Amino acid sequence: MKEIKQVAVIGAGIMGHGIAQIFAAAGFSVRLYDIHEHMLQKAKEAIEASLSLFVTHGMISAEQKEQALGNIRLTISLAEAVADADFITEAIPEKVELKWEIYRQIEELAREDTVVASNTSTIPITQLARYAKYPERMIITHYFNPAYLVPLVEVVKHEKTATSVVELTLETMKRIGKVPVLLQKEIAGFIANRLQAAVVREAFHLLEEGVAGAAQIDAAMKAGPGFRWAFIGPFETLDFGGLDTWQSAMNNVAPELCNATQAPAMINQLVERGELGVKTGSGIYAHTPETVAAAIELRDQRFLSLLHSKQNETAGH
Ligand SMILES: NC(=O)C1=CN([C@@H]2O[C@H](COP(=O)(O)OP(=O)(O)OC[C@H]3O[C@@H](n4cnc5c(N)ncnc54)[C@H](O)[C@@H]3O)[C@@H](O)[C@H]2O)C=CC1
Ligand SMILES: O=C(O)[C@@H](O)C(=O)[C@H](O)[C@@H](O)CO
């Protein structure tokens with residue numbers, strides 16, 4: 001199996017900076033590319049802050065933090081990013097046309113045996129690879145936000161993905177300390193985002209119906225299902241709860257569930273107003289740079305504690 005030494009991450013935003021951090025902390029040589037210089041600087045600051053938190057929590061040493069930072073080279077040159085790359089992770093916006101265009105540019109600049117992995121949230125790999133000159137090297141590695149902490153990476157192949165690429169990708173995900181789950185069949189939204197989208201759709205329905213406010217709905221999730229789901233999944237939950245009870249519950253509530261087939265109106269209104277969440281300072285909740293920084297640090301501290309509890313957990317157990 002080919003050894004991966006040099007990786008490129010395309011897109012230094014919410015996800016790309018975290019993916020770059022993971023590879024760098026695992027000892028890979030990383031080229032982090034973005035079309036905007038200011039995003040690269042923002043990414044550098046976020047990576048430094050996150051690695052400092054890892055040092056504070058004893059996850060890594062101060063020397064390992066410096067080694068990780070030294071493994072990352074920021075660039076606004078796609079050629080420099082991908083020319084010698086063994087493995088490329090694309091993390092640009094969720095617009096398929098943008099992704100097709102960057103894959104076309106990569107085909108002109110990278111080796112044809114370089115793995116190209118997309119961090120897409122929902123787009124089927126067959127659609128992503130539609131115009132690919134080398135479809136056999138294309139795969140999805142779907143990380144979860146924040147990528148540098150959440151263990152899961154969904155791996156999605158298409159019928160032309162080379163078996164060697166699948167095997168290399170799974171091995172690489174384990175080398176960077178992630179928990180890869182390989183889908184046996186591609187489907188829009190894969191596993192986790194289909195589950196999340198069902199929950200998100202119902203959460204907005206409850207909000208729009210005036211059943212509870214956003215903070216209360218978040219609290220109910222965090223103190224209830226979310227508390228459990230960190231350690232037992234939906235099927236384990238049913239076995240613990242009793243399938244007879246769950247049969248009644250599902251028959252009682254299923255007819256009432258929201259069956260909307262598009263993004264909730266509130267999301268559309270917020271996006272139209274440019275209120276995208278922490279990216280822009282306001283979204284469902286109001287944020288300031290100070291509250292965002294504090295909230296991310298608190299979130300990551302709690303995730304690190306959770307990660308300690310989940311150490312050595314593997315997919316399916
Ligand atoms: N935000 C999230 O919670 C998650 C997002 N994803 C997926 O990851 C991908 C990236 O999402 P985010 O990081 O949230 O987006 P983002 O908007 O935070 O970052 C995207 C970055 O890509 C850069 N960019 C745009 N066009 C580019 C191009 N042609 N070449 C290079 N860089 C370019 C932008 O300057 C920006 O820095 C999307 O496919 C998204 O669906 C996956 C898991 C979680
Ligand atoms: O929750 C996550 O981190 C991922 O499932 C995602 O892809 C994001 O939620 C977002 O892109 C919506 O799909």
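Sequential numbering from 1 along the given sequence is applied to the chain's residues. Whatever order the structure lists ligands and atoms in, that order sets their numbers, starting from 1. Atoms considered below: every heavy atom in the structure, side chains included; atoms not considered: hydrogens, waters and symmetry mates. Treat the numbers as computed from the prediction; the structure is a model and nothing was measured.
One distance of note links OG1 of Thr141 with CG of Leu170; it measures 10.5 Å at 0.5 Å rounding. Taking OG1 of Thr120 as the start and CD of Gln127 as the end, the distance is 8.5 Å to the nearest 0.5 Å.
Only the side chain of His36 comes within 4.0 Å of ligand 1, counting heavy atoms alone; its backbone N, CA, C and O stay farther away. Contact annotation: for Glu101 versus ligand 1, there are no heavy atoms closer than 4.0 Å.
Residue-ligand proximity, Ser121 to ligand 1, at heavy-atom distances under 4.0 Å covers atoms 5 (C), 6 (N), 7 (C), 40 (C), 41 (O), 42 (C), 43 (C). Of all atoms in ligand 1, numbered sequentially from 1 with element shown, those under 4.0 Å from a heavy atom of Ile102 are 30 (N). Those atoms of ligand 1 that come under 4.0 Å of a heavy atom in Thr120, given as number and element, are 39 (O). In the vicinity of Tyr33, heavy-atom distances shorter than 4.0 Å reach the ligand 1 atoms 30 (N), 31 (C). Atoms of ligand 1 found under 4.0 Å from any heavy atom of Asn145 (numbered from 1 in listed order, with element): 3 (O). If you number the atoms of ligand 1 from 1 as listed, the ones under 4.0 Å from a heavy atom of Lys99 come out as 38 (C), 39 (O). Interface of Lys279 with ligand 1, defined as ligand atoms under 4.0 Å from a residue heavy atom, comprises 17 (O). In summary, the atoms of ligand 1 found under 4.0 Å from a heavy atom of Gly13, numbered by their order in the structure, are 13 (O), 18 (O), 19 (O), 21 (C), 37 (O).
Of the protein's non-hydrogen atoms, the one nearest atom 39 (O) of ligand 1 is Glu94 OE1, 2.5 Å. Here the heavy atom of the protein found nearest to atom 18 (O) of ligand 1 is Ile14 N, 2.9 Å. Protein heavy atom at the shortest distance from atom 8 (O) of ligand 1 is Asn119 ND2, 3.0 Å. Scanning the protein heavy atoms around atom 44 (C) of ligand 1, the nearest turns out to be Met15 SD, 3.4 Å. Atom 28 (C) of ligand 1 has Ile35 CG2, 3.8 Å as its closest protein atom, hydrogens excluded (heavy atom only).
Between the side chains of Asn193 and Gln196, at least one donor-acceptor pair of N or O atoms lies under 3.5 Å.
With distances taken over non-hydrogen atoms, the option nearest atom 23 (C) of ligand 1 out of Thr89, Ile92, Leu98, Asp34 is Asp34. Among Ala12, Ala91, Ala43, the residue whose heavy atom lies closest to atom 20 (C) of ligand 1 is Ala91. For atom 22 (O) of ligand 1, the nearest non-hydrogen atom from the set Ala192, Gly16, Pro93, Gly18 comes from Pro93.
Considering all non-hydrogen atoms of both residues, Arg111 and Asp84 come closest at NH1-O, 3.7 Å. The minimum heavy-atom distance between Ala25 and Ala68, with the atom names listed, is CA-CB, 3.8 Å.
Within the 3.5 Å criterion, the main-chain N or O of Ala192 finds a donor-acceptor partner in the side chain of Glu154.
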Report all side-chain donor-acceptor pairs from residues 203-224 shorter than 3.5 Å, counting only partners two or more places apart or in another chain.
| residue | atom | partner | partner atom | Å |
| --- | --- | --- | --- | --- |
| Gln216 | OE1 | Gly213 | N | 3.3 |
| Asp218 | OD2 | Tyr285 | OH | 2.6 |

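For ligand 2, the 4.0 Å heavy-atom shell contains residues Ser121, His142, Phe144, Asn145, Asn193, Gln196.
In the hydrophobic clustering, Phe240 connects to Ile232, either directly or through intervening members, whenever side-chain heavy atoms lie under 4.5 Å apart.
Applying the side-chain contact (heavy atoms from CB on, under 4.5 Å) criterion to Lys133, with sequence neighbours excluded, gives Glu107.
A cation-pi arrangement is found for Lys310 relative to Phe231, the charged atom lying closer than 6.0 Å to the ring centre and inside a 45° cone about the ring normal.
Geometrically, ligand 1 and Tyr143 share no nitrogen or oxygen pair separated by less than 3.5 Å.
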